[in-house]
Amino acid sequence: MAVVQQILFFITLVVAFFFIWKRVARIKSNIQLGKQTPLTGETSQRWRNVLLIAFGQKKMFKKIIPAFLHFWIYAGFLIINLEVLEFILDGLLGTHRLFAPPLGGLYPILMNFFEFLAVAVLISCVIFLFRRNILRIKRFWSAEMTSWPRLDGNLILIIEVTLMLAILTMNASDQLLQSRDEHYAQTGRLFFSSFLMPLFDGLSTSALIALERFTWWFHIIGILGFALYVTYSKHLHIFLAFPNTYFSKLEPMGHINNMPVVTTEVKSMLGLATSETPTEAPGRFGAKDVNDLSRVNLMAAYACTECGRCTAECPANLTGKKLSPRKIMMDTRDRMEEVGKSIASGGPGLQDGKSLLGDYITKEEINACTSCNACVEACPVLINPLEIILEMRRYVAMEESGSPAQWNVMFQNIETNFAPWKFPSSDRFNWADELKSKS
Amino acid sequence: MSENYTVPTMAEMAAKNEAPEILFWVGCAGSFDDRYKKVTRAFVKILNTVGIKFAVLGPEESCTGDPARRAGNEFLFQMQAMSNITVLNGYNIKKIVTACPHCFNTIKNEYPELGGNYEMIHHSTFLQQLINEGRIKMKEGGTFKGKKITYHDSCYLGRANGVYEAPRKVLESLDADLVEMKRSRSKGLCCGGGGAQMWKEPEKGNKDINVERTEDALQTGATTVAVACPFCMTMMSDGVKNKEKENKVQVKDLAELIAESQGL
C-alpha cells in the first residue's frame, strides 16, 4: 500500500513539474518577444528595491488594512511552503512527518507556528473575499475587471482557504491518530487544529487514517495544482514581483527613456559629430505590438496582480476617460499570451493581423494620459504603465503621423516658432519690456 | 515702484566677458502666456531685489521639447534639445533656475543623455534657499498672516522629481495658514495639463480633471491656491472660474506671493 502511494506520488510530482515547466518556458519565450534594453544605474540600488519593496512590502503599507492582511498571506506563503518540503520527502520516501524525530522539541513549535500562519492566511483570505464581493471595493469592479479577472481573483482566495482548511483538518486527524497508532509521530498538542479534533473524535481509526491521507493528498495536489494555476493567473506576482522590482527604472519618474536611434539621426541632421555609427536599420519607432516593448515592460505585465491601485489614482480614469493603467498591463499580457499560443501551435504569431495598439489598446486610451506618474507611484511592485503608453504615442506620432490634430499643430508651432503656441519667436523676450520701461 | 529692474541677456553678459551666477530659464509659458508672464516678472523682481547676478537667454531661448516628447514626437524633442544644449554649452552655463517644472524635469533628467549637464533648480527650491539664507527677509505677520493657502503639487515637481517640501517651506514663511488638500504630495492629483494635454481637448469623459482638482482645493476653504507650474496655473485658474469662485479664490504662483509679501 505504502509503495503504491510512493509511486503515485512520484508520478503526480513528475506530471505537475512537467506542466509547470512547460508554462514557465512559454512565459519566458513570451517575455523574450520583447526588446533587450541595457540596464543602467547602480546594482546596489536594484537590490535595495528588491529587499525593501518586494521582500519588505514597503509600498503595500500605503494602504494599511490590505497591507496588514496581505502580509499574513505573504508570510504564510513563504513560511508554510517550508512544510511542503516535508510533504514531498514524505511522499517520495513513504515516511510520515520525517522531520519530527530529528527536530525533537522544535518540531511542535514549528508546527504550531505554521498553524498560526495558516489561520492568519485563512482569516485574511475570507476578509479579502468579503472586500471584493460584499463591500465591492471600487477598484475590483472597474470596466476592465470583466468576468475572468474577477473570477481569477476569487478563485485564488478560495483555493487558499481550502488549502489551509485541509492542512488544519489533516493535523487534527493526525493528532487523534497519534494516540491510537504509534506509526504517527508525536507532535504534542497543535493549538489551532486541536479545536477541530472533537469533530472527528467519533470516527473509527480506519476512517481517521482515510481522512488524514485524503487531506494530505488534497493539500499536496492542491499546492501543485495551484502552482500550475498561478502561471495562468494574475497571481504570478508572487514570483515575478521580485525580478520586477529589480529591473524597474531607477531614474526619477519624470525621465522618459531616450531613443539613441533618433539621437544618431538628429545629430547627423544638425551636422554634429556622432560617436555611434548607425549599425543597423532603426526598425520601428515606438511600439505597435508587444515585440516593440522592452522585456522589462513585458515581464511587468506578468507581474501585475490587477490590484487596480494605479487605475484608482489615474486622473484620466477618475474623470471617466477610457484610459486605465491596469488595463494597459492586462492587455499587454493578453496579447503576449495570444502571440505565444499562436507561435507554439505553428501559427502566424505576431503576423496574425492583430496588434496590441489597435486591437487591444485604443488611441483614445493612450491620448488621455497626462503622464502624471500617479499610476507608477501607486504600484506596490514598481510596474510602469506609463512607459508602454509613451512608446505607443511614439509609434502613432512617428510611424503613422496619427497624433491628435491639435498635437500636430503644437508640433508645427515648435518647428516654426520654437514654442508650442503660435507666437512669433521674435516676441519671446517681450515680457521684459514692462519691467524695463519702469526703470 | 521706483526701483530699476534689469533683465540682462546671456549675449550681453558674454559680450562683457561676464558670467552670471544663475541662468533664469523662462520657458515658453513664462515668455508668452499673459498670466504666467506675471510670474516671470515677479521672479525677476525678486532676483533684482536680492541682488542675484542672473541672465536670461531672451530671444535665444527655445522650447525644451517636453510637450513634443510626451506626445510621442521624439525627433522634434531631440532637435529642440540638441539646439538648446548647443546654446547653453556655448555660453558655458553651469546653473539654471526655472519656474516651470516641465522645463526643470526635461533639462535635469533628459538633457544629460544628450550632452547637456547643468545644475538644475526649480524656483521653489531657489526661493526656499534665499529665504533660509536670509537673503529674502520675511516679515512677521505680513499680508498673508492667518490667511488660508493650499498648495497644489505639480506632478513634474513632486512625483517626477521628489520636490514636495520646498514649495511648502516657502508658503510657511509667509506666516499663512497652510492647509493640505485630501490628495497631496505623492498622492497629489494632476491638474490635467501634463503629458501634452495642455495643447489638446481632453478625451471623452464625465468631468474635466482640472474641475475635479479644483474641488479638492475649494474643499480646504483656502482663499489662495498656490501653484508652482504654468500649466497648473492655467488649469487651476480655469477650474476656479468654472466653479464661479474667481472673486473669492485666487490662484497664485509662489514667486508672486513672495514678491507681494516683499511689496514688489
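Throughout, protein chains are lettered first and strands after them, A, B, ... in sequence-line order, and every chain is numbered starting at 1. Only this structure's heavy atoms are used, side chains among them; waters, hydrogens and symmetry mates stay out.
The number of heavy atoms from other shown groups lying within 6.0 Å of NZ (Lys58(A)) does not exceed 12. Few gaps surround NZ on Lys62(A); more than 12 heavy atoms of other groups in view lie less than 6.0 Å from it. Counted within 6.0 Å of CZ on Arg48(A), heavy atoms from surrounding residues, nucleotides or ligands total 12 or fewer; the atom is thus considered open. Within 6.0 Å of atom CD in Gln45(A), more than 12 heavy atoms from other residues, nucleotides or ligands are found, so the atom counts as buried in its surroundings. For Lys59(A), the NZ atom counts as densely surrounded, since its 6.0 Å shell holds more than 12 non-hydrogen atoms of other residues, nucleotides or ligands.
With a 4.5 Å cut-off on non-hydrogen atoms, Glu251(A) does not touch chain B at all. For Asn105(B), the part lying under 4.5 angstrom from a heavy atom of chain A is the side chain only. Using a 4.5 Å cut-off between heavy atoms, Pro420(A) contacts chain B through both its backbone and its side chain. Neither the backbone nor the side chain of Asn317(A) comes within contact range of chain B; no heavy atom of the residue lies under 4.5 Å from a heavy atom of that chain. Of the two parts of Phe32(B), the backbone and the side chain both hold a non-hydrogen atom closer than 4.5 Å to a non-hydrogen atom of chain A. Looking at Met410(A), the atoms closer than 4.5 Å to chain B (heavy atoms on both sides) all sit in the side chain, from C-beta outward. Contacts of Val211(B) with chain A are absent, with no heavy-atom separation under 4.5 Å from either backbone or side chain. Contact annotation for Leu76(B): only side-chain heavy atoms (C-beta onward) come within less than 4.5 Å of a heavy atom of chain A. Contacts of Arg183(B) with chain A are made by side-chain atoms alone, with heavy-atom separations under 4.5 Å and no backbone atom involved. For Lys38(B), no part lies under 4.5 angstrom from a heavy atom of chain A. For chain B, no part of Val396(A) is nearby; none of its heavy atoms comes within less than 4.5 Å. Within the 4.5 angstrom heavy-atom criterion, no atom of Thr6(B) approaches chain A.
Taking chain A as the reference chain and counting heavy-atom pairs below 4.5 Å, the highest number among Met82(B), Glu201(B), Glu212(B) is found for Met82(B). Residue with the most contacts toward chain B among Leu318(A), Asn258(A), Asn257(A): Asn258(A) (heavy-atom pairs, distance under 4.5 Å). The residue among Cys155(B), Ser31(B), Gly205(B) with the most heavy atom pairs within less than 4.5 Å of chain A is Ser31(B). Looking only at heavy-atom pairs under 4.5 Å with chain A, the residue among Glu110(B), Glu74(B), Lys207(B), Lys37(B) that has the most is Glu74(B). Contacts with chain B were tallied for Asn373(A), Leu390(A), Ile389(A), Ile256(A); Ile256(A) has the most, counting heavy-atom pairs under 4.5 Å. Interface remark: of the candidates Gly30(B), Pro59(B), Pro202(B), Ala196(B), Ala196(B) forms the most heavy-atom pairs closer than 4.5 Å to chain A. Of the residues considered (Gly27(B), Gly193(B), Cys28(B)), Cys28(B) shows the highest number of contacts with chain A, using heavy-atom pairs under 4.5 Å. Annotation: maximal heavy-atom pairing with chain B below 4.5 Å, among Pro404(A), Ala378(A), Ala374(A), occurs at Ala374(A). Comparing Ala81(B), Ser154(B), Ser62(B) by how many heavy-atom pairs each has under 4.5 Å with chain A, the most go to Ser62(B). In terms of heavy-atom pairs under 4.5 angstrom with chain B, the leader among Met269(A), Met398(A), Glu313(A) is Met398(A).
The closest donor-acceptor contact from the side chain of Asp427(A) to the backbone of Asn430(A) lies at 3.5 Å or more, if one exists at all. No side-chain donor-acceptor contact under 3.5 Å links Gln262(B) to the backbone of Ala259(B).
Within the structure, ring-ring contact (aromatic ring centres under 6.0 Å, His included) contacts touching residues 194-216 of chain B (residues at least two apart or in different chains) are Trp421(A)-Trp199(B), Trp199(B)-Phe231(B). Residue pairs that meet the ring-ring contact (aromatic ring centres under 6.0 Å, His included) test with at least one member in residues 46-85 of chain B, sequence neighbours left out, are Phe285(A)-Phe75(B).
Atom-to-atom distance recorded for Tyr5(B):OH and Asn48(B):CG is 7.0 Å, nearest 0.5 angstrom. Interatomic distance, NE2 of His152(B) versus CE of Met236(B), reported as 5.5 Å (0.5 Å rounding).
Here the closest non-hydrogen pair linking Thr311(A) and Pro325(A) is OG1-CD, 3.4 Å. Val262(A) and Gln78(B) make their closest contact through C-OE1, 3.6 Å (heavy atoms, listed as atom of the first residue, atom of the second, distance).
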